[in-house]
Amino acid sequence: MSFSLATWNINSVRLREPIVLKLLQEEAPDVLCLQEIKSPADKVPTQGFADLGYTHMVVRGQKGYNGVAILSKLPIRDVGDKDFASLGHARHVAAQLENGTTIHNFYVPAGGDVPEREVNEKFGQKLDYLTEMRDWFRSEKPEKSILVGDLNIAPREDDVWSHKKLLKVVSHTPIEVEHLAETQDAGGWVDVTRQDIPEGELYSWWSYRAKDWDAADKGRRLDHVWATSDISNAGHSSRVLRAARGWEKPSDHAPVFATFDL
DNA sequence: ATGACGATTGAAAATCGA
């Protein structure tokens, strides 16, 4: 079988229900992983999604902050969550398709402003979150798995608009990139987006503060699609739907897509 | 320097995002 998947930091699923529906109508991924839904589970608007065929949902909600959800046209089974770094936040949930593929949906902490754990507790929490992800994957040895989400790190030089200018900016500092690489290595994860699009500038997030985000194009690739090496060759057709950043009342993130033949 | 904004809570201004 073949299924398509998208990951999107939606920045409030209730406020942006109209553009979620637009994405489902126009792009029709089989599975949509959302982050920053900023809603308790029982307040997520599900009727419109169900009307479009997305009758399955696995969700971890939280009032006001964070929150992740997996919407699916295909049957999915809730296979749990982990509270890495013991933050008490809803930042991870996993679901399994009937063919045995596990999908992890992550919202890694942003990490605050200053990239030093001594002066900024949030930065330390971000690093700790990644370290605990790493240790978990070392012990779990994931197989037949896909990991998506807003990992809040742009690892490569061509994942940011200016490598030099962002070296000391949280999301692109060497220590964060190192932590992400260790996490990726621990699970044997392959970056499917960069497997498909190995060359060139590629972003999935543009700040709300830019006067003209499209013209300035000062973006970062914070949103990722990974797969374990046993199935990474089944991944293809990766793309970023940049147009969604320009939709009515947009999220500051654009959705990232991939298709898997499994 | 992108910090020029936007969402949430709670009912104004603070907090968070990255």
Side-chain angles (χ1 to χ4, degrees), chain A residues 7-20 34-45 59-69 85 87-92 105-117 119-130 149-180 201-224 240 242 244-256:
Chain A
T7 178
W8 198 8
N9 178 318
I10 196 60
N11 186 17
S12 173
V13 70
R14 286 181 280 178
L15 196 68
R16 290 188 224 293
E17 183 189 7
I19 61 169
V20 175
L34 297 172
Q35 303 87 34
E36 274 205 279
I37 63 172
K38 294 186 173 177
S39 171
D42 61 356
K43 296 248 171 56
V44 175
V59 60
R60 292 296 183 277
Q62 189 180 329
K63 185 181 179 183
Y65 301 101
N66 311 311
V68 288
L87 300 173
H89 298 170
R91 294 181 176 274
H92 167 253
N105 183 15
F106 275 98
Y107 175 49
V108 171
D113 275 326
V114 183
E116 302 166 32
R117 66 159 75 230
V119 296
N120 170 21
E121 181 186 36
K122 290 183 181 353
F123 192 72
Q125 289 172 348
K126 181 179 195 174
L127 298 180
D128 293 345
Y129 192 96
L130 291 159
D150 177 3
L151 305 184
N152 265 318
I153 296 172
R156 294 174 25 153
E157 294 192 14
D158 54 4
D159 289 338
V160 293
W161 65 276
S162 168
H163 170 62
K164 279 186 85 169
K165 285 186 174 144
L166 290 174
L167 270 171
K168 293 181 177 173
V169 174
V170 173
S171 73
H172 191 63
T173 64
I175 190 163
E176 290 170 87
V177 172
E178 177 60 28
H179 275 66
L180 188 68
E201 310 287 315
L202 188 64
Y203 314 138
S204 65
W205 173 87
W206 295 262
S207 173
Y208 283 126
R209 300 185 196 195
K211 204 176 279 178
D212 183 339
W213 70 273
D214 194 26
D217 201 20
K218 291 179 171 175
R220 307 176 198 170
R221 188 172 71 100
L222 304 179
D223 302 277
H224 299 264
V240 176
R242 183 181 172 115
R245 180 61 179 80
W247 287 353
E248 189 82 10
K249 279 189 75 70
S251 167
D252 45 358
H253 293 253
V256 181

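Chain identifiers are assigned alphabetically (A, B, ...) following the order of the sequence lines, protein sequences preceding nucleic acid strands; residue numbering begins at 1 within each chain.
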### Query
Can you tell me if the side-chain N/O atoms of A:H172 get under 4.0 Å from OP1 or OP2 in B:dA18?
no

#### Entry: Spacing between A:D252 atom CG and B:dG3 atom C1', to the nearest angstrom
13 Å

### Query
Nearest heavy-atom pair of A:Y129 and A:R91: which atoms, and what distance?
OH-CB, 3.5 Å

### Task
Please examine the side chains of A:I19 and A:I10, heavy atoms only from C-beta on, and report whether any two atoms are closer than 4.5 Å.
yes

### Query
Atom CZ of A:R245 and atom P of B:dA18: how far apart are they, to the nearest Å?
12 Å

### Message
Could you check whether any side-chain heavy atom of A:L166 comes within less than 4.5 Å of a side-chain heavy atom of A:S171, counting everything from C-beta outward?
### Response
no

### Query
Any side-chain heavy atom of A:W8 sitting closer than 4.5 Å to one from A:D223?
no

### Message
Under 4.0 Å, heavy atoms only, any strand: does A:D150 hit a base, just the sugar-phosphate, or nothing?
### Response
sugar-phosphate

### Query
Of all the choices, B:dC5, B:dA1, B:dT8, which nucleotide is nearest to the side chain of A:K165 once you look at every atom?
B:dA1

### Message
Let's see if you can work this out: which of B:dA18, B:dG17, B:dA7 has an atom nearest to the side-chain heavy atoms of A:R91?
### Response
B:dG17

### Query
B:dG10 and B:dC16: how far apart are their P atoms, nearest whole angstrom?
14 Å

### Task
Measure from CG on A:N66 to P on B:dC16 and round the result to the nearest Å.
11 Å

### Message
Using the side-chain heavy atoms of A:L222, tell me which of these nucleotides is nearest: B:dA4, B:dT8, B:dA18.
### Response
B:dA18

### Query
Got A:D128 and A:R117 here, is their nearest side-chain heavy-atom distance under 4.5 Å?
yes

### Query
Does A:K63 or A:N152 map to a spot on DNA chain B nearer the 5' end, using the closest nucleotide for each?
A:K63

### Message
Once you apply a heavy-atom cut-off of 4.0 Å, does A:N9 come out as touching a base, just sugar-phosphate, or nothing?
### Response
sugar-phosphate

#### Entry: Distance in angstrom units between A:L151 CG and B:dA18 P, rounded
12 Å

### Short side-chain N/O contact from A:K122 to OP1 or OP2 of B:dC16, under 4.0 Å
yes

### Query
For the pair made of CH2 in A:W213 and P in B:dG3, what is the distance, rounded to whole Å?
18 Å

### Task
Check whether any side-chain heavy atom of A:D217 lies under 4.5 Å from a side-chain heavy atom of A:Y203, and answer yes or no.
yes

### Task
Answer yes or no: is there a side-chain heavy-atom contact under 4.5 Å between A:N152 and A:P109?
no

### Task
Please state the C1' separation for the pair B:dA12 and B:dT8 - nearest whole angstrom.
13 Å

### Query
Which part of the nucleic acid, if any, lies within contact of A:K218, taking any heavy atom under 4.0 Å across all strands shown: a base, the sugar-phosphate backbone alone, or nothing?
sugar-phosphate

### Query
Expressed as a whole number of Å, how far does the P atom of B:dA14 sit from that of B:dG3?
22 Å

### Distance in angstrom units between A:L166 CG and B:dA18 C1', rounded
10 Å

### Query
When you check the phosphate oxygens OP1 and OP2 of B:dC16, does a side-chain N or O of A:Y107 lie under 4.0 Å from one of them?
no

### Message
Just to be sure I understand the rule, does A:D113 reach a base, reach only the sugar-phosphate, or reach nothing, if contact means heavy atoms closer than 4.0 Å?
### Response
base

### Task
Could you measure between the two P atoms, the one in B:dA13 and the one in B:dA1, and give it in whole Å?
32 Å

### Message
A:R245 vs A:D214, test: salt bridge (Lys or Arg N to Asp or Glu O under 4.0 Å). Steps then yes/no.
### Response
CA-CA 9 Å; A:R245 180 61 179 80; A:D214 194 26; over 6 Å; no

### Query
Within the modelled atom types, does a donor on one side and an acceptor on the other bring the side chain of A:R16 and the base of B:dG6 under 3.5 Å apart?
no

### Atom-pair distance (NE2 on A:H253; P on B:dG17), nearest Å
11 Å

#### Entry: Sub-4.0 Å heavy-atom contacts from residues 36-45 of chain A onto DNA chain B, ordered by number
A:E36, A:K38

### side-chain N/O A:K126 vs B:dA18 OP1/OP2, d < 4.0 Å
no

### Task
Quickly, which of A:N11, A:N9, A:N105, A:N66 forms a side chain to side chain donor-acceptor pair (under 3.5 Å) with A:Q35? Name it, please.
A:N105

### Task
Let me know, please, whether A:V170 or A:S207 comes out on the 5' side of the other along DNA chain B by nearest nucleotide.
A:S207

### Query
What's the CG-P distance between A:L87 and B:dG17, to the nearest Å?
11 Å

